[in-house]
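In what follows, every heavy atom counts, from backbone to side chain, and hydrogens, waters and symmetry copies are set aside.
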Amino acid sequence: MLCLCVNALATTKIYKVVKADGSIVYTDKPPANAQEYKLEVKPNIIATPTHKNSATTIPASNSAPSPDYSVTITSPANEATVRNNAGTVTISVNVSPEVKGLYRLIVNGEPTAQQASPVFELQELNRGEYKIKIELLDQSGKLLASSPLSTFYLHKASALINAN
């Protein structure tokens, strides 16, 4: 029905009628108490985003694109149980392709250590579940890549079990 009204706007006059109860009716047939209503018809124009064509894209610089780095926690394995009564856990990381940078260890959502070596040693941890992630940073601190979240469980022997 709206389409018919829009098409009617282009060829006929529209009338506005205010009824006794205050409601307003628009019509193309003029009743006795109607006043002519002038609508300003504007075309609907939608701006569409332009798509970059790879043939017309100009690179920002002549430098080679940075490689996609892959960061993988190799030890402890995801969902592994580490048994160590002292609470010591060694975390090892593999990065491909090799790059000199900084490694940031995230434990349970908190940055814990940052160093140039891909091997971290955590000490005096309490028993329980730990969620870890390693971030690879360049020398200026820009994030290059991140490992998937990995979980390990630290188990300590209890003095209460097999006390005899």
Side-chain angles (χ1 to χ4, degrees), residues 1-10 14 23-24 26 39-164:
M1 173 146 182
L2 181 60
C3 291
L4 295 175
C5 292
V6 172
N7 288 339
L9 288 175
I14 300 295
S23 63
I24 298 174
Y26 294 94
L39 286 178
E40 187 176 330
V41 179
K42 294 182 180 179
N44 289 333
I45 299 174
I46 299 172
T48 57
T50 58
H51 296 283
K52 292 183 178 179
N53 184 344
S54 60
T56 59
T57 302
I58 300 171
S61 66
N62 291 336
S63 63
S66 62
D68 289 332
Y69 295 103
S70 172
V71 179
T72 308
I73 297 174
T74 56
S75 175
N78 190 32
E79 300 289 327
T81 297
V82 177
R83 289 171 168 66
N84 188 297
N85 288 339
T88 302
V89 176
T90 302
I91 299 170
S92 301
V93 178
N94 182 29
V95 175
S96 177
E98 281 190 35
V99 63
K100 289 193 181 232
L102 298 173
Y103 300 90
R104 182 181 332 169
L105 172 63
I106 311 292
V107 178
N108 295 334
E110 297 293 325
T112 304
Q114 184 170 309
Q115 61 190 33
S117 170
V119 178
F120 292 87
E121 186 168 306
L122 300 177
Q123 298 179 352
E124 299 180 13
L125 293 176
N126 293 323
R127 71 176 71 208
E129 176 186 76
Y130 291 87
K131 295 190 179 291
I132 58 173
K133 177 170 73 167
I134 304 291
E135 295 176 339
L136 173 64
L137 310 170
D138 68 7
Q139 297 299 331
S140 66
K142 177 183 171 191
L143 181 65
L144 298 176
S146 177
S147 73
L149 197 61
S150 182
T151 302
F152 73 89
Y153 305 93
L154 181 62
H155 177 79
K156 293 182 178 182
S158 173
L160 300 176
I161 298 176
N162 297 327
N164 294 338

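Not one N or O on the side chain of S75 forms a donor-acceptor pair closer than 3.5 Å with the backbone of S92.
For residues 85-106, the set of pairs meeting the salt bridge (charged side-chain N to carboxylate O under 4.0 Å, His left out) definition, not counting sequence neighbours, comprises R104-E135.
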Contacts table for residues 118-129: side-chain donor-acceptor under 3.5 angstrom, sequence neighbours left out:
| residue | atom | partner | partner atom | Å |
| --- | --- | --- | --- | --- |
| E121 | OE2 | Q123 | NE2 | 2.9 |
| R127 | NH1 | K156 | O | 3.4 |
| R127 | NH2 | K156 | O | 3.3 |

Using a 3.5 Å cut-off and no angle test, enumerate the donor-acceptor pairs between side-chain atoms of residues 82-91 and protein atoms at least two apart in sequence or in another chain.
| residue | atom | partner | partner atom | Å |
| --- | --- | --- | --- | --- |
| N84 | OD1 | A86 | N | 2.9 |
| N84 | OD1 | G87 | N | 3.0 |
| N84 | OD1 | T88 | N | 3.2 |
| N84 | ND2 | T88 | O | 3.3 |
| N85 | OD1 | A157 | N | 2.7 |

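Minimum heavy-atom separation, P76 to A80: CB-CB, 4.4 Å. Counting all heavy atoms, side chain and backbone alike, V71 lies closest to A145 at CG2-CB, 3.7 Å. Of all non-hydrogen atoms in S147 and I73, the two that sit nearest each other are OG-CD1, 3.6 Å.
The OG atom of S150 lies 9.0 Å from the NZ atom of K131; values are rounded to the nearest 0.5 Å. Of the inter-residue distances, the one linking L149 atom CG with N78 atom CG reads 8.0 Å to the nearest 0.5 angstrom. Taken from OG in S117 to CG in L102, the straight-line distance is 11.0 Å, to the nearest 0.5 Å. Remark: D138 CG to L144 CG distance equals 5.0 Å, nearest 0.5 Å. With values rounded to the nearest 0.5 angstrom, I106 atom CD1 is found 11.0 Å from I132 atom CD1.
In this structure P97 satisfies the side chain to side chain contact (heavy atoms under 4.5 Å, CB included) test together with P67, Y69, sequence neighbours excluded. When the ring pair (Phe, Tyr, Trp, His ring centres under 6.0 Å) test is applied to Y130, the partners found at least two apart in sequence or on another chain are F152. Evaluation of the side-chain hydrogen bond (donor to acceptor under 3.5 Å, both in side chains) rule for T81 yields no partner, not counting sequence neighbours.
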